[in-house]
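Below is one structure, written out as structure tokens, with a few remarks after it.
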Amino acid sequence: MTELERHSYDVLVIGAGGAGLRAAIAAHESGARTAVVCKSLLGKAHTVMAEGGIAAAMGNVWQDDNWKVHFRDTMRGGKMLNNWRMAQLHAQEAPARVWELEEWGALFDRTKDGLISQRDFGGHRYARLAHVGDRTGLEMIRTLQQRVVALGIDVYMECTITRLLTDGTGEEAHGARRGNIAGAFGYWRETGRFIAFEAPSVVLATGGIGKSFKVTSNSWEYSGDGHALAARAGATLLNMEFIQFHPTGMVWPPSVRGILVTESVRGDGGILKNKDGKRFMFDYIPDFFKADTADNEAEADRWYEDKKNNRRPPELLPRDEVARAINAEVKAGRGSPAGGAYLDIASRRSPEYIRKRLPSMYHQFKELADVDITKEPMEVGPTCHYIMGGVEVEPDTAAATVPGLYAAGEVAGGMHGSNRLGGNSLSDLIVFGKRAGDAAAEYAKSHTARIADDQLDVAAKEAVAPFEREGGENPYALHQELQNTMNTLVGIIRDADEMSAALEKLQELKARAKNLSVEGNRQFNPGWHLAIDLRNMLLCSEMVAKAALERKESRGGHTRNDYPKTDPEWGTKNIILSEKDGVVALVHKPLPVMPDDLKELFEEPK
Ligand code: FAD
């Protein structure tokens, strides 16, 4: 019998970003005994890195804004592949969730009238992002964290979950039986000791998968753990092919390549130029957005002051469009010296304005690249940023397809369709974090957790396996090969040959990963931690590559050289992925049908 520490709760939340903390607050307030577990320190997570803001149609800056316009923008940004019900709930409930943050102590920037200030972002018709300079995520996390601590919710930090536990009433897979959720198994990062949580409801809020790619804005935490945990427990995932390559990551110096340059730079007036000084985005306006986008500089510049009578600048097209445009300019030989484009706010706004609105960007470039963004342009290029695909959930409750399992935030799929609009993640976290927490607490009222006998031993054996092999594969080398494969073969522009080659390589890496070995003992051992994370990255990467090869069209965060057009037939279905004993399967599933009253929103001239 495995020696371990055991705890019992009604609701266990895995992940302490915005989604996890909001879920924990909701579950606690519904009366559930709740705990949060996170693999880094409390207060880290990706949410803290969010810069630009939280999208919510509060109408503070533009009174014409309302949930219907936000809903329409979100669906159009996602190229209509979003789960309409999630997009509706999100647009309707985001304002209340932002005001709630304010009630809990968040200090947002203000308008002249003292309302919460809202800024422009790509794809949003009106200035809609509530913000705190370019450090919005920090304020969000500070506020939620303070509330979690004040409510006395138990937090287990620097503790990594490696397996979801079930009651063993389902089919056999991965050496144990699946079934209803009964808890989770993990290890303390510092001591390597094992820990098990017994809980009838588990909320996954583990974020994304970016660490499978070489150039990424994501940190070490984004190894797709939640996606993989859900799949191995028998849950389905959807549309894993849709990866957002943010158009503006740093490209110089090489050591910081991929670090995000917030979209707020463009929202606040920044423009993109090629090496010849040409403002090139006017050459890349797709038909789908022509009616809403200015086709000349004068109109684009007037838009910042007068949104009613002018169309938006092409720099504020959705992210997929801008990323593809930069990629095309670089490929055509018109890129900057480090292989990107120039992002110029220095010639457009005063140094005082730039330092006030974009303090983090000012310091980031000064310290990391020795560039003063109030005087010189930045060099930027696409970086892997966000995954739109994720755990398939029921929209109102965030319930996954395994009883007792819930997913919210970046780990969940459906909300953003094929492309997420900036600012829509932070609002997604608090809208669906709350819904997941409420539903998980409700489920726990009528269910108890019963961990099947074999589960803990199987989980422990699986975790220590890399110590039991000598002279095997090195996790760091394997990780590097994986990142190179995904970046070059399943990156921003894809085709069948390259993706087939990627899948072949992934099979090879998977086989080699069975022979990963690490030295030393279980006390703070980063090589061991990476060996465990790699299993998850490999599974997520295979799902991404398989779904990407299957979807024979280009749409949002999935661009194919061999199928460059958006295909209406593919616009009617999702790709649903599942896993059993290391084999990934996929099927097509029709999109839920949007009701007529919402359909009408897309017919009205706006
Ligand atoms: P996270 O905040 O990443 O939290 C994940 C949590 O899960 C962490 O606590 C982690 O430790 C934990 N975890 C993961 N695996 C395990 C495991 N196995 N065991 C235990 N714990 C685990 N979005 C916007 O809307 N507006 C913005 O302005 C914006 N700016 C961004 C800037 C940057 C640089 C980045 C990287 C992203 C930005 N985004 C923005 C996107 C947004 O920040 C993320 O999508 C969002 O914060 C994800 O939140 P989450 O709660 O789902 O996950």
Side-chain angles (χ1 to χ4, degrees), residues 12-23 36-56 94 119 121 129-132 134-138 140-141 144-145 155-164 184-189 195 197 203-211 216-229 244 246 248-250 258-264 267 319 360 364 383-388 390 407-412 415-416 420-430 432-433 436 529 532-533 535-536:
L12 177 71
V13 179
I14 308 175
L21 293 179
R22 189 62 192 85
V36 182
V37 53
C38 54
K39 80 186 200 184
S40 61
L41 290 169
L42 183 64
K44 280 198 73 265
H46 277 78
T47 305
V48 83
M49 295 157 75
E51 294 159 355
I54 312 171
R119 66 158 41 118
F121 244 51
L129 268 71
H131 58 94
V132 184
D134 56 3
R135 295 175 182 145
T136 312
L138 175 64
M140 183 188 229
I141 279 288
L144 292 173
Q145 191 179 310
V155 177
Y156 297 79
M157 56 182 167
E158 298 211 288
C159 182
T160 302
I161 298 299
T162 59
R163 192 173 172 117
L164 294 177
F185 174 94
Y187 66 91
W188 289 104
R189 293 177 68 80
I195 180 167
F197 298 92
V203 179
L204 288 172
T206 48
I209 68 148
K211 266 306 176 197
T216 178
S217 64
N218 294 177
S219 82
W220 65 271
E221 282 172 85
Y222 266 14
S223 44
D225 295 4
H227 293 78
L229 289 169
Q244 181 165 83
H246 193 292
T248 60
M250 291 180 82
I259 290 184
L260 195 75
V261 180
T262 175
E263 187 167 330
S264 315
R319 290 175 175 173
S360 298
Q364 181 172 311
T383 179
C384 173
H385 185 57
Y386 185 90
I387 181 157
M388 274 70 70
E410 193 168 338
V411 70
M415 161 65 211
H416 303 285
R420 174 178 71 87
L421 294 186
N424 270 1
S425 172
L426 292 189
S427 38
D428 167 2
L429 308 183
I430 43 181
F432 292 103
H529 301 167
I532 289 175
D533 291 351
R535 266 184 88 216
N536 301 331

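Every value quoted in this text rests on a predicted model; they were computed, and no experiment measured them. Just so you know, ligand 1 is whichever comes first in the structure, and atom 1 is the first atom listed for that ligand.
Looking only at atom types and distance, the side chain of H416 has no donor-acceptor partner in the side chain of N424 under 3.5 Å away.
Protein residues having a heavy atom under 4.0 Å from any atom of ligand 1 are I14, G15, A16, G17, G18, A19, V37, C38, K39, S40, A45, H46, T47, M49, A50, E51, G52, G53, C159, T160, I161, A205, T206, G207, S217, N218, E221, Y222, D225, L260, H385, Y386, G409, E410, R420, G423, N424, S425, L426, L429, listed by chain and number.
Applying the ring pair (Phe, Tyr, Trp, His ring centres under 6.0 Å) test to Y222 and every residue at least two apart in sequence or in another chain returns H46. Residues passing the side-chain hydrogen bond (donor to acceptor under 3.5 Å, both in side chains) test with R22 are E100, sequence neighbours excluded. Under the side-chain hydrogen bond (donor to acceptor under 3.5 Å, both in side chains) criterion, R319 pairs with Q244, E263, not counting sequence neighbours.
Of all heavy-atom pairs between I54 and M140, the closest is CD1-CE, 4.1 Å.
We find that D533 and K39 are joined by a salt bridge, their nearest charged nitrogen and carboxylate oxygen being less than 4.0 Å apart.
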